Number of protein chains: 2
Amino acid sequence: MDDMIELDSLDRRILAVLQKQGRISFDELGGQVGLSASAALRRVRRMEDAGVIAGYAALVSARRVGLSLTAYINVRLEKHSGRGKRTPMDDFAAELATWDEVVECVSLSGDMDFLLKVVVADMDHYTRFVMETLLKHPSVQDCKTSFVMRPLKSGVSVV
Amino acid sequence: MDDMIELDSLDRRILAVLQKQGRISFDELGGQVGLSASAALRRVRRMEDAGVIAGYAALVSARRVGLSLTAYINVRLEKHSGRGKRTPMDDFAAELATWDEVVECVSLSGDMDFLLKVVVADMDHYTRFVMETLLKHPSVQDCKTSFVMRPLKSGVSVV
DNA sequence: AATGAAACGTTAAGATC
DNA sequence: GATCTTAACGTTTCATT
């Protein structure tokens, strides 16, 4: 399951194409990298099986579905006070999954514990989320927000 | 070009499916949301044309291609010293596009100007990138890094 | 040379659009 | 009906013996 796989330059070109055009046909894909459809298919299947390609996704424009505000929130947790045997981090992680506003969350080195990426309709919704959901959570000590003013580069295809 | 489009609950269910299974057939997609293949296709094409679906992408596992270190870097730019009529921000944004290590970059409110998401093979590569590329750029004043210790939620399909 | 593995292209039947 | 997917089959290449 954890086997490293060798990727040659053709594999990498295939990945580059699929990251831009995830629903391209194997015929076209092969054409772009200089292979037949079946050869392209074989290589893609191999990378899927090896977990190099984790899956495929439609990219949804946040704006076009009415979500025009993006923010990053640094969160610091309480050091103690986990419920029962669970740590504050466990409690937080469990509830996180139920918050639709959070599209990305990583645990960090440094003074802050988590970085959340949050996408919402407007400032109103954002304020409600922070006040009535995030800060009300018993594991959360405090947080600090930076709002996204302009996206310069969006990397969506590395997981 | 900027027309808001009305999405009903069926459209939203279709989007949810396509965000998880971007290469699903329309037959299966229709089955999951209770539509025929052609009805599902019509709705998907409509959302593609409206820009709601910005595209499709294969999701590549960073680990499996040997990129096991992820970091977020807050960058502060020089306030002046743009070359010619261009601002430091223009200079920075232009060069950014050529840095493969940066998979995401947004301009932020607050004391820092940018947040970069960086994915590299190891700490060695990371150090080289910061010392020999990022900090050498004339627009960059200073930066501060947080390393990702554990990804809890990865949102890849909102753009 | 002979052998086997790996990767390619062609073909054709079935699935999908 | 046209395009796309996918498995079967034969060919080429190349490293090993």
Side-chain angles (χ1 to χ4, degrees), chain A residues 1-61 64-65 156-159, chain B residues 1 3-68 100 121 156-159:
Chain A
M1 188 60 96
D2 221 44
D3 10 275
M4 253 314 167
I5 191 179
E6 282 299 317
L7 299 183
D8 62 16
S9 74
L10 262 170
D11 290 322
R12 278 186 282 270
R13 284 170 61 196
I14 286 175
L15 286 183
V17 172
L18 285 178
Q19 284 178 311
K20 295 261 174 213
Q21 303 171 259
R23 253 190 114 110
I24 194 176
S25 74
F26 288 103
D27 208 27
E28 241 191 282
L29 173 61
Q32 289 198 27
V33 301
L35 286 178
S36 69
S38 66
L41 169 66
R42 264 193 303 267
R43 280 171 177 267
V44 169
R45 288 283 174 271
R46 176 164 158 272
M47 291 192 282
E48 287 171 357
D49 293 343
V52 170
I53 297 175
Y56 300 87
L59 308 177
V60 174
S61 163
R64 295 293 168 91
V65 296
V156 289
S157 42
V158 176
V159 132
Chain B
M1 188 62 93
D3 12 278
M4 252 314 166
I5 190 179
E6 282 300 318
L7 298 183
D8 62 17
S9 74
L10 262 170
D11 290 322
R12 278 186 283 270
R13 284 169 61 197
I14 287 175
L15 287 183
V17 172
L18 285 179
Q19 284 178 311
K20 295 262 174 215
Q21 303 170 258
R23 259 192 107 111
I24 195 175
S25 75
F26 288 102
D27 205 27
E28 243 191 279
L29 173 61
Q32 290 196 27
V33 301
L35 287 177
S36 71
S38 65
L41 170 63
R42 247 193 320 273
R43 282 172 177 266
V44 169
R45 289 279 177 271
R46 178 165 159 271
M47 291 192 282
E48 287 171 357
D49 293 343
V52 170
I53 296 175
Y56 301 87
L59 308 177
V60 175
S61 163
R63 291 235 169 134
R64 293 297 169 90
V65 296
L67 303 173
S68 49
D100 287 342
V156 290
S157 41
V158 177
V159 129

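Below, chains carry the letters A, B, ... as their sequence lines are ordered, and counting in each starts from 1. What you are looking at is a predicted structure, and each value in this text was computed from that prediction instead of being measured.
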Item checked: Close side-chain approach of A:Leu7 to A:Met47, heavy-atom, < 4.5 Å -> yes
Item checked: Results of side chain to side chain contact (heavy atoms under 4.5 Å, CB included) for B:Ser68 - residues two or more places apart only -> none
Next item on the list: Compare the minimum distances between each of C:dC8, C:dG9, C:dC17 and the side chain of B:Ser25, then state the nucleotide with the smallest one.
Entry: C:dC17
Checklist line | Whole-Å distance separating the CD1 atom of B:Ile24 from the P atom of C:dA15 | finding: 17 Å
Notebook entry, point to check: Among pairs that include at least one residue of residues 43-52 of chain B, which meet side-chain hydrogen bond (donor to acceptor under 3.5 Å, both in side chains), considering only residues two or more places apart or in two chains?
Noted result: B:Asp8-B:Arg43, B:Asp11-B:Arg43, B:Arg45-B:Glu48, B:Glu48-B:Tyr56
Margin query: Can you measure A:Arg46 atom CZ to D:dT6 atom C1' for me and round it to whole angstrom units?
Written below: 18 Å
Checklist line | With B:Ala39 via side chain to side chain contact (heavy atoms under 4.5 Å, CB included) - residues at least two apart | finding: B:Leu35, B:Ser36, B:Arg42
Notebook entry, point to check: Closest nucleotide of DNA chain C for A:Gly34 versus for B:Ala37: which of these residues is on the 5' side?
Noted result: A:Gly34
Next item on the list: Calculate the interatomic distance between A:Asp27 atom CG and C:dT11 atom P; express it in whole Å.
Entry: 14 Å
Could you go over nucleotides 7-12 of chain D and give all protein N or O partners under 3.5 Å, atom names and distances?
none

Margin query: Without decimals, in angstroms, what is the distance between B:Glu28 CD and C:dT16 P?
Written below: 8 Å
Checklist line | Minimum-distance nucleotide to A:Phe26 side chain [options: D:dT6, D:dC4, C:dT10] | finding: D:dT6
Check: What pairs with B:Ala37 under side chain to side chain contact (heavy atoms under 4.5 Å, CB included), at least two apart in sequence or on another chain?
Finding: B:Phe26, B:Asp27
Item checked: Phosphate OP1/OP2 of C:dC17 contacted by A:Arg23 side-chain N/O (<4.0 Å) -> yes
Next item on the list: Check A:Ala58 against B:Gln19 and note the closest heavy-atom contact, atom names and distance.
Entry: O-CG, 3.7 Å
Check: Can you check the A:Arg43 CZ to C:dA7 P distance for me, whole Å?
Finding: 7 Å
Notebook entry, point to check: Does anything in residues 17-26 of chain A pair up under salt bridge (Lys or Arg N to Asp or Glu O under 4.0 Å), and if so which pairs, sequence neighbours excluded?
Noted result: none
Check: Starting at CD of A:Glu6 and ending at C1' of C:dA6, how long is that distance when rounded to a whole Å?
Finding: 14 Å
Margin query: Distance check needed: C:dT10 P versus A:Leu35 CG, whole Å only.
Written below: 11 Å
